[in-house]
Amino acid sequence: MPELPEVETLARELNGVLVGRSIVRAEVCWPGTVAAPDPEVFIRRLAGRRIGEIRRRGKWLLLGLEGEEWLLIHLRMSGRLAVEGADAPEDTHTRVVFYLDDGQRLRFSDPRKFGRMALTARPEEWLGDLGPEPLDPALTPERLAGMLRGRRGRLKPLLTDQRFLAGLGNIYADEVLWRAGLHPLRRADTLTPEEAARLHGAIREVLERAIARRGTTLADQRYVLPDGRPGEFAAHLVVYGREGASCPRCGASIVRARVGGRSAHFCPQCQRG
DNA sequence: CAACCGACCTGTTCGC
DNA sequence: TGCGAACAGGTCGGTT
């Protein structure tokens, strides 16, 4: 499931391929993917537009278009972006296709149809109430400690709350908490300054390592790079999806529990309540 | 503010 | 073997 490292990787890879290209034509195969404007308007407004910079904010991908507009894309659960030649095979889950001026196309496929895109001059309205970027240098250990202070909720649901921090999902929240040695059910406002600093360090390290490996491609193979290559961080996951495996730090068996309506994976030995 | 629910979706896995 | 139920989890809106 695409989270910050996967979207960051996409932004970087697409920058090298798409910047300077123009969209000759857009095709909407499933209208539900296009949140705004109406698909006909979306198609008309995209024709002939040149792509400038490509950015990421949280789990959103932002494609800057000449003329002060942005094409926002959120992959949600199963979205995939691929840059491919005209001879690429069909994909039954194709939702939107952008034909480029060099003969290639950018394909958005999404089996579960949760992904969304929007063409807008005001991206803030679509990004919603997003928290700070976890890798922003302005997010110091002290500032994170301050953010935790007023929160009575549990760490795991808090880390995946996009209004608290932008970009963490289920996989990386579990990995971060293991690295920090903190229990997913720990109340946020009970962390000592040292623990908050540990959490801060774990967030940075896990995300930076995952980006360096170009993200996590699980066995389901949904997330891949624009050229179809998989991300390589799955082999470095310690707890996520590894119930019953032994903790590399203490040897105890990784457990899986239900936290905030979804699965949390952690080491019961070195992540104490 | 916190916790929980259903809705949105479909491909995969599980239990009988 | 085959079938339906449960599950996977990002986000939103609603309720308690």
Side-chain angles (χ1 to χ4, degrees), chain A residues 1-8 10 28-36 56-62 72-81 90-96 108-118 120 123-131 133-134 146-177 183-191 207 210 215-224 231 233-234 237 239-244 255-266:
Chain A
M1 322 299 149
E3 303 179 25
L4 186 153
E6 289 75 36
V7 182
E8 176 67 25
L10 277 178
V28 176
C29 308
W30 193 76
T33 297
V34 179
R56 177 195 60 76
R57 174 80 172 102
K59 300 174 191 171
W60 284 92
L61 190 67
L62 296 87
L72 273 54
I73 303 178
H74 199 303
L75 276 53
R76 295 278 182 96
M77 307 292 299
S78 61
R80 172 190 290 187
L81 282 170
E90 288 301 308
D91 180 343
T92 51
H93 304 304
T94 298
R95 307 304 177 201
V96 179
F108 178 77
S109 69
D110 183 21
R112 295 181 65 178
K113 300 178 177 173
F114 282 162
R116 290 292 180 267
M117 51 183 77
T120 176
E124 328 78 57
E125 292 176 3
W126 286 93
L127 298 178
D129 186 15
L130 283 184
E133 281 293 323
M147 288 162 59
L148 292 165
R149 211 159 288 142
R151 299 302 208 117
R152 284 171 297 174
R154 317 287 185 169
L155 280 181
K156 173 71 188 285
L158 193 58
L159 287 181
T160 56
D161 184 343
Q162 302 301 294
R163 291 166 301 188
F164 182 74
L165 268 185
L168 289 183
N170 212 34
I171 297 175
Y172 294 109
D174 281 357
E175 295 298 314
V176 162
L177 288 173
H183 195 284
L185 286 176
R186 181 75 179 276
R187 250 180 70 158
D189 61 2
T190 66
L191 263 63
L207 293 179
T216 300
T217 297
L218 294 172
D220 67 15
Q221 295 290 332
R222 270 318 293 177
Y223 160 77
V224 289
F233 194 69
L237 295 177
V239 287
Y240 183 83
R242 308 200 67 235
E243 184 183 13
V255 299
R256 170 174 162 157
R258 208 84 192 154
V259 175
R262 52 191 95 156
S263 59
H265 311 72
F266 61 99

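Remember, it's a predicted structure, so these values are computed and weren't measured experimentally. We name chains A, B, ... by the order of the sequence lines, and we start the count at 1 in each one.
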- With side chain to side chain contact (heavy atoms under 4.5 Å, CB included) as the test, would you mind laying out the steps for A/Leu158 and A/Leu148 before giving the verdict? CA-CA 9 Å; A/Leu158 193 58; A/Leu148 292 165; 4.0 Å; yes
- Verdict with reasoning, A/Arg151 to A/Phe164, per side chain to side chain contact (heavy atoms under 4.5 Å, CB included): CA-CA 10 Å; A/Arg151 299 302 208 117; A/Phe164 182 74; 4.1 Å; yes
Please list, pair by pair, any protein nitrogen or oxygen found under 3.5 Å from a nitrogen or oxygen in nucleotides 1-3 of chain B.
unit_1: B/dA2; atom_1: OP1; unit_2: A/Arg152; atom_2: N; d: 2.6
unit_1: B/dA2; atom_1: OP1; unit_2: A/Gly153; atom_2: N; d: 3.2
unit_1: B/dA2; atom_1: OP2; unit_2: A/Arg151; atom_2: NH1; d: 2.5

Hey, what are the protein-to-nucleotides 13-15 of chain B N/O distances that come in under 3.5 Å?
none

- Query: Judged by atom type as modelled, is there a donor-acceptor pair below 3.5 Å linking the side chain of A/Arg258 to the main-chain atoms of A/Gly261?
  - Reply: yes
- Query: Of the options A/Leu10, A/Leu75, A/Ile171, which is the one that meets A/Pro2 in a side chain to side chain contact (heavy atoms under 4.5 Å, CB included)?
  - Reply: A/Leu75
- Query: Between the side chains of A/Tyr223 and A/Glu3, does any donor sit under 3.5 Å from an acceptor?
  - Reply: no
- Quick one: closest heavy-atom pair of A/Pro111 and A/Ser78, and the distance? CD-O, 3.4 Å
- Query: Taking only side-chain nitrogens and oxygens of A/His93, does any of them come within less than 4.0 Å of OP1 or OP2 of B/dC9?
  - Reply: no
- Message: When you compare the side chain of A/Leu191 with that of A/Arg186, does any pair of heavy atoms fall below 4.5 Å?
- Response: yes
- Query: With a 4.5 Å heavy-atom cut-off, do A/Arg56 and A/Glu133 have their side chains touching?
  - Reply: yes
- Message: Rounding to an integer number of angstrom, what distance separates C/dG9 and B/dC14 when you compare their P atoms?
- Response: 14 Å
- Could you measure between the two P atoms, the one in B/dC9 and the one in C/dC3, and give it in whole Å? 26 Å
- Just wondering, do A/Thr216 and A/Tyr240 contact through their side chains at under 4.5 Å, heavy atoms? no
- Does the side chain of A/Thr33 reach to within under 4.5 Å of the side chain of A/Phe108, using non-hydrogen atoms? yes
- Look at A/Lys113 and B/dC8 and indicate whether a side-chain polar atom (N or O) is within less than 4.0 Å of OP1 or OP2. no
- Message: In whole Å, measure the gap between the P atoms of C/dC7 and B/dC5 for me.
- Response: 13 Å
- Query: Does a donor on one side chain sit under 3.5 Å from an acceptor on the other, for A/His265 and A/Asp174?
  - Reply: yes
- Can you give one letter per nucleotide of nucleotides 9-16 of chain C, going 5' to 3': B for a protein heavy atom under 4.0 Å from the base, S for sugar-phosphate only, - for none? BBB-----
